Amino acid sequence: MNFLSELREGLLIAWDSLRANKLRSALTTLGIVIGIVTVTLMGTALAGLNAAFIKSISAIGTDVLFVAPWAWFSDEPWWKTRNRRPILLADARALIRQATFARATSIDVNRLATVRYRDRSASGVLVNGTTEGGVEVGGLVLKEGRFLSAAEVDGGRPVCVVGADLAASFFPFESPLGKKVRIEGSNLEIVGVLEKRGKFLGMQSLDNQVLVPVTKLVSDLIAYRPPVMVRIKVRDLKELDEAREEIRGIMRKIRRLAPGEPDDFAINEQGAFIKTFERMNTVLAGAGLFITSLSLFVGGIGIMNIMFVTVAERTREIGIRKAIGAKRRAILTQFLIEAAMICLLGGLIGLAIAYPITLVMDRFMPAVLSASLVGIALLVSVATGVIAGFLPAWRASKMNPVDALRAE
Amino acid sequence: MPLIRLQDIWRSYQMAAETVHALRGVSLSIERGEYVAIMGPSGSGKSTMMNLLGCLDTPTSGTYELNGTDVSHMDDNELAEIRNREIGFVFQTFNLLARATALRNVELPMVYAGVTADERREKAMAALTAVGLADRVDHQPNELSGGQRQRVAVARALVNTPSILLADEPTGNLDSKTGVEILALFDQLASRGNTIIVVTHEEKVALHARRVVRILDGNIASDERVNRP
Ligand SMILES: Nc1ncnc2c1ncn2[C@@H]1O[C@H](COP(=O)(O)OP(=O)(O)O)[C@@H](O)[C@H]1O
Ligand SMILES: [Mg+2]
């Protein structure tokens with residue numbers, strides 16, 4: 001009813017006024033444009049990072065403990081920890097025998113090596129020496145064939161399982177099963193192919209790897225006795241703390257640490273990753289929020305300024321409208337709409353600038369300008385307009401009609 | 001019951017050093033259908049009077065009853081509603097919105113009255129036709145002559161069928177020929193029963209009215225009815 005017709009009138013007037021002052025309106029929106037560009041780019045980047053992280057993290061699972069000489073994230077100085085003894089295969093076996101909270105375990109050694117098949121070769125391939133439990137601990141899914149068996153691991157048999165990308169590039173037209181690839185002088189028969197699973201934190205592709213019995217890797221692919229890492233998937237996520245304590249006790253015994261001596265090994269877990277990631281995320285979001293609010297603030301001041309000018313220029317018009325029967329609310333609405341419209345324009349320009357940039361970003365990281373982010377950006381710009389326009393609009397609505405009509 | 005009843009109206013302006021009394025105890029009644037000219041020299045209080053009559057301003061003391069309602073203590077929003085419903089203004093400087101067409105200018109009072117778009121358009125067209133501007137509805141004020149602009153203003157003033165048509169020096173910015181045309185339009189409106197109050201300092205303009213109220217130093221000096229054929 002009444003308010004709707006005022007609203008329509010407000011939109012109409014605002015549009016007329018924007019068109020009459022094109023250049024001025026465009027310049028005024030600059031701060032808003034910058035603010036919206038930042039907010040959308042930051043939002044897109046954060047969402048992209050999150051998506052990449054969650055995808056990577058889910059590939060490993062949060063219920064797996066990684067026993068190794070060194071912690072992934074540590075505050076201890078490097079010179080205190082550099083002389084730690086490696087964990088050997090026998091130690092790892094002893095640990096696994098005694099760990100009662102484990103649902104599945106694996107002993108792992110990683111290498112980068114060159115893989116060959118006939119005249120094809122791939123260098124820098126991740127060769128993961130593991131045990132039969134590696135399939136469950138790592139949450140691997142097989143597309144073809146089977147995983148390494150306990151007997152093959154015990155016997156150090158020359159077999160392997162290959163990642164999806166490697167299989168596709170070596171055997172585009174035939175099944176890889178039964179084929180023999182050559183790694184560092186050994187011929188390994190392919191017994192299984194993994195499903196595709198994507199990159200880990202955008203770095204090492206898990207699809208470009210070869211899994212071999214850890215015993216095979218240790219016995220003849222690596223000349224010396226290499227340190228290993230033990231992965232233990234707990235039965236129940238709730239028992240993670242108990243499991244960690246148990247492992248700690250077992251490891252101290254295996255490594256013959258006297259009471260009071262500090263641990264010379266570390267039990268790592270996903271949580272550490274997540275914490276670090278969240279810290280980074282918070283910093284990024286904070287920086288983004290700061291830049292955004294700063295530019296929106298500056299933009300808002302600009303809008304407020306220009307709206308004061310507009311109100312002053314149009315004092316006569318305000319007087320006419322009031323004389324004819326416009327109530328305070330109608331005048332207030334009119335100028336609020338005008339301020340909001342300028343800012344909305346700025347928001348749209350900002351989005352038009354940000355969109356192609358997100359397309360470029362998408363080449364380096366998953367970055368998609370989401371509908372909700374677009375909605376937020378537009379909402380934020382309108383809100384900036386309403387807040388910044390309020391004081392000028394309020395002043396306009398309070399004008400005395402007699403004085404306003406006399407203005408020139 | 002008179003349409004307008006002013007009782008002992010004072011309007012004072014508080015200046016830095018002194019208080020200026022623009023109106024000093026004015027009492028006046030105007031009946032429905034009257035055509036009244038308010039005259040007086042510059043600074044006598046005509047504009048102050050016109051602002052009060054038009055509900056653009058409220059008196060410092062005294063009461064103003066319009067259509068039986070006391071409007072002397074109303075707030076901004078209530079006055080806006082009264083102006084919208086009861087008063088049609090015609091100003092010396094036309095006071096049309098520069099960027100709006102004649103049609104939109106005339107529609108404006110109805111926008112604030114909440115009239116639907118279709119009805120607005122229809123009534124605005126009718127009002128512009130009544131003042132002889134049916135062929136100028138899409139023109140902006142700067143594409144119209146002074147006389148045409150004042151006709152648009154008259155159409156706008158009348159479109160909400162107000163109780164009073166209030167004109168402040170309506171011919172002040174027009175050449176004498178167009179001024180006569182506007183006054184003829186007023187005569188026509190008065191003969192159809194509209195209540196018209198014209199504030200002017202020109203005797204020529206006052207000659208058209210049937211009652212002349214003269215103001216001097218914020219008081220009514222004389223109030224006489226003119227009988228004309
Ligand atoms: N807003 C105002 N502030 C102070 N004095 C005013 C104001 N408006 C009018 N006056 C004074 O009131 C008196 C009457 O003014 P006005 O009503 O404008 O007379 P007129 O329209 O007859 O020339 C004048 O002395 C004028 O200076
Ligand atoms: Mg005056």
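Letters A, B, ... are given to chains in the order of the sequence lines, protein chains preceding strands, and every chain is numbered from 1. Remember, predicted model here, so these are calculated numbers, not experimental data. The basis for the numbers below is simple: all heavy atoms, side chains too, and nothing from hydrogens, waters or symmetry mates.
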Shorter than 4.5 Å, heavy atoms on both sides: which option in A/Ser17, A/Ala326, A/Ala330 has the most such pairs with chain B? A/Ala326
If you count the non-hydrogen atoms of other residues, nucleotides and ligands that lie under 6.0 Å from [atom1] in [X], is the total more than 12?
{"X": "A/Phe308", "atom1": "CZ", "result": "yes"}
{"X": "B/Glu143", "atom1": "CD", "result": "yes"}
{"X": "B/Arg99", "atom1": "CZ", "result": "yes"}
{"X": "B/Tyr13", "atom1": "OH", "result": "yes"}
{"X": "B/Trp10", "atom1": "CH2", "result": "yes"}
{"X": "A/Asn400", "atom1": "CG", "result": "yes"}

Which answer fits [X], side chain, backbone, both or neither, if we ask what part of it has an atom under 4.5 Å from a heavy atom of chain A?
{"X": "B/Asn51", "value": "side chain"}
{"X": "B/Leu96", "value": "backbone"}
{"X": "B/Arg120", "value": "side chain"}

When you compare the side chain of B/Leu56 with that of A/Lys322, does any pair of heavy atoms fall below 4.5 Å? no
Contact between A/Arg321 and B/Leu97 at the side-chain level, heavy atoms closer than 4.5 Å - yes or no? yes
Side-chain H-bond candidate by donor/acceptor type, A/Arg316 with B/Thr93, under 3.5 Å: yes
Of the listed B/Ala117, B/Gly54, B/Ala98, B/Ala80, the one with the largest count of heavy-atom pairs under 4.5 Å with chain A is B/Ala80
Pick from B/Arg83, B/Glu78, B/Arg156 with the largest number of heavy-atom pairs that fall under 4.5 Å of chain A: B/Arg83
Here the gap from B/Phe94 atom CZ to A/Ile320 atom CD1, rounded to the nearest 0.5 Å, amounts to 12.0 Å
First locate atom CE of B/Met110, then atom CD of A/Glu9, and finally report the distance between them rounded to the nearest 0.5 Å. 11.5 Å
Please flag which part of A/Arg314 lies under 4.5 Å from any non-hydrogen atom of chain B: side chain, backbone, both or neither. side chain
What are the two closest non-hydrogen atoms of B/Asn84 and A/Ile324, and how far apart are they? ND2-O, 2.9 Å
Minimum heavy-atom distance B/Phe91-A/Ala323, with the two atoms named: CZ-CB, 4.2 Å
Identify whether the distance between the nearest side-chain nitrogen and carboxylate oxygen of A/Arg328 and B/Asp76 falls below 4.0 Å. yes
